[in-house]
Chemist: 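Pasting a structure below so you can have a look.
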Amino acid sequence: MSQPILEVHNIKKTFGKGKYKITAVDDVSFQIMPGEVLGLVGESGSGKSTIAKLITHLQKVDEGNIFFDGKDISNIKGKACLEVYKEMQMVFQDPVGSFNPRMKIGEAIKETLCHLCYNPKAMSKAHMKEAIVSLLKQVGLKSEYANKYPHQLSGGECQRAAIARAIAVHPKLLICDEATSALDVSAQAQIIELLMELEKSLDMAILFISHDLALVSCICDRICVLYKGQEVESGETKGIIEAPKHPYTKKLLSSVLQVDIGE
Ligand SMILES: Nc1ncnc2c1ncn2[C@@H]1O[C@H](COP(=O)(O)OP(=O)(O)O)[C@@H](O)[C@H]1O
Ligand SMILES: [Mg+2]
């Protein structure tokens with residue numbers, strides 16, 4: 001049997017001191033198998049983004065361990081970090097804000113390719129252009145988008161471009177933190193469809209972070225429910241939706257049902 005691509009063991013993160021101390025992530029554990037989609041769901045402030053930041057080393061864990069592809073990455077530094085980030089990428093909520101506004105989309109993708117994949121000196125200009133166009137095509141954008149600035153794109157188009165940049169390095173794990181939350185309903189559905197296609201065609205695992213249990217339950221194999229930094233329930237999506245055990249999951253579910261009935 002294959003080993004998990006990501007294992008999170010009892011991670012903990014606090015911010016502030018004394019009476020201002022907040023435990024953002026409190027003893028959370030989960031794992032993701034290669035090619036699997038795991039949903040991390042919980043209301044705003046439940047610690048979802050902090051977990052994403054701990055996995056991607058934007059912040060350091062106070063306690064616990066994170067294993068990527070069998071290797072403990074909790075305390076890696078420098079070059080070892082770079083090696084891991086070739087295989088782990090992130091897509092954020094605000095696609096326009098995730099790009100440098102002065103850089104064209106093609107340049108932004110090129111920067112990632114040069115930084116993490118290829119020696120730019122060993123690659124011809126034509127070859128680089130071909131790689132960029134092919135990535136844009138994979139996310140449903142025409143080649144002319146390479147010459148546009150982020151603000152010239154719609155939210156959905158810009159999120160596609162952000163996904164193109166993320167898959168440029170052939171990641172084994174893609175972390176999507178509220179990646180569709182800022183989009184309108186139809187753009188949201190298109191991005192979800194794209195992510196599901198890419199998950200299959202690239203055989204990539206996805207950690208799909210969202211406050212929206214309905215959305216998460218549509219696309220994830222398993223779900224981990226967070227409440228105030230703690231994991232209150234986790235398991236196969238079907239089991240959680242049909243027979244939630246924890247009162248908080250029941251509350252999340254009933255709010256989804258109320259919205260559906262109200263429509
Ligand atoms: N850098 C930080 N400094 C202080 N508190 C933080 C920081 N980042 C997150 N928090 C706090 O940690 C808690 C969890 O935040 P976050 O992980 O962003 O939640 P979510 O993504 O689920 O909305 C919140 O109470 C938030 O205010
Ligand atoms: Mg968040």
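Because the structure is predicted, anything quoted here is derived from the model rather than measured. We use all heavy atoms of the structure for the numbers below, so side chains are in, but hydrogens, waters and symmetry mates are not. Atoms within each ligand, like the ligands themselves, are counted from 1 in listed order.
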Chemist: Please confirm whether E43 comes under 4.0 Å of ligand 1, counting heavy atoms of the residue only.
Modeler: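 So E43 counts as touching ligand 1.
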
Chemist: Side-chain donor-acceptor pair under 3.5 Å between T249 and E233, yes or no?
Modeler: yes

Chemist: Salt-bridge test for E197 and K200: reply yes if a basic N is under 4.0 Å from a carboxylate O, no otherwise.
Modeler: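 No, this pair does not count.
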
Chemist: Quick test: of every protein heavy atom, which one is nearest to atom 22 (O) of ligand 1, and how far off is it to 0.1 Å?
Modeler: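 Closest protein heavy atom to atom 22 (O) of ligand 1: K48 NZ, 2.8 Å.
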
Chemist: Could you tell me whether some N/O pair between G45 and ligand 1 is separated by less than 3.5 angstrom?
Modeler: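 Yes, G45 has an N/O under 3.5 Å of an N/O on ligand 1.
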
Chemist: Please list the nearest protein heavy atom to atom 9 (C) of ligand 1 with its residue and the distance rounded to 0.1 Å.
Modeler: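 Going by distance alone, atom 9 (C) of ligand 1 is nearest to F15 CE1, 3.5 Å.
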
Chemist: Verify the neighbour count for atom CD of E193: are there more than 12 heavy atoms of other residues, nucleotides or ligands below 6.0 Å?
Modeler: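 Result for CD/E193: open.
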
Chemist: Carefully, step by step, assess V216 and D212 under the rule side-chain contact (heavy atoms from CB on, under 4.5 Å).
Modeler: CA-CA 6 Å; V216 166; D212 186 341; 5.6 Å; no

Chemist: Is the shortest distance from a Lys or Arg side-chain nitrogen in K12 or D62 to a carboxylate oxygen in the other one below 4.0 Å?
Modeler: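 Not counted as a salt bridge, because no side-chain N and carboxylate O are separated by less than 4.0 Å.
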
Chemist: List in chain and number order the residues that pass salt bridge (charged side-chain N to carboxylate O under 4.0 Å, His left out) with D69, two or more places apart in sequence or in another chain; answer none if no residue qualifies.
Modeler: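 Counting only residues at least two positions away or on another chain, D69 forms a salt bridge (charged side-chain N to carboxylate O under 4.0 Å, His left out) with K172.
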
Chemist: Report whether V139 and V133 are members of the same hydrophobic cluster (ILVMFWY, side-chain heavy atoms less than 4.5 Å apart, transitive linking).
Modeler: no

Chemist: Look at ligand 1 and say whether G42 reaches it with a heavy atom at a distance under 4.0 Å.
Modeler: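 So G42 does not count as touching ligand 1.
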
Chemist: Going by the rule salt bridge (charged side-chain N to carboxylate O under 4.0 Å, His left out), which residues pair with E199 if we only count those two or more places apart in sequence or in a different chain?
Modeler: none

Chemist: Test of understanding: with side chain to side chain contact (heavy atoms under 4.5 Å, CB included), list the residues that count as partners of F67, not counting sequence neighbours.
Modeler: E7, H9, N65, D72

Chemist: Can you confirm if the NZ or CZ of K148 lies within 45° of the ring axis of Y145 and under 6.0 Å from the centre of its six-membered ring?
Modeler: yes

Chemist: Tell me: protein heavy atom nearest atom 27 (O) of ligand 1, and distance?
Modeler: I22 CD1, 4.6 Å

Chemist: Run the numbers for me: atoms of ligand 1, each under 4.0 Å from some heavy atom of S46, listed by number.
Modeler: 19 (O), 20 (P), 22 (O)

Chemist: Using 30° and 60° as the class limits, which term best fits the ring planes of Y248 and H246: parallel, tilted or perpendicular?
Modeler: perpendicular

Chemist: Before signing off on this row, confirm whether S49 and ligand 1 have an N or O atom pair separated by under 3.5 Å.
Modeler: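 The answer is yes, given that S49 and ligand 1 share an N or O pair closer than 3.5 Å.
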
Chemist: Can you pull out the closest protein heavy atom to atom 12 (O) of ligand 1? Residue, atom name and distance to 0.1 Å, please.
Modeler: A24 CB, 3.3 Å

Chemist: Between E43 and S46, does any side-chain donor sit less than 3.5 Å from a side-chain acceptor?
Modeler: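 There is no such pair between these side chains.
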
Chemist: As an exercise, identify every atom of ligand 1 less than 4.0 angstrom from a heavy atom of S44.
Modeler: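 Those atoms are 23 (O).
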
Chemist: Strictly less than 4.0 Å: does any protein heavy-atom distance to atom 4 (C) of ligand 1 fall in that range?
Modeler: yes

Chemist: For atom 19 (O) of ligand 1, what is the nearest protein heavy atom, given as residue, atom name and distance?
Modeler: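 For atom 19 (O) of ligand 1, the nearest protein heavy atom is G47 N, 3.2 Å.
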
Chemist: Close to the Mg ion (ligand 2), meaning under 2.8 Å, how many protein N, O or S atoms are there?
Modeler: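 Of the protein's nitrogen, oxygen and sulfur atoms, 1 lie under 2.8 Å from the Mg ion (ligand 2).
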
Chemist: May I ask you to identify the nearest protein heavy atom to atom 15 (O) of ligand 1, giving residue, atom name and distance to one decimal place in Å?
Modeler: T50 OG1, 3.8 Å

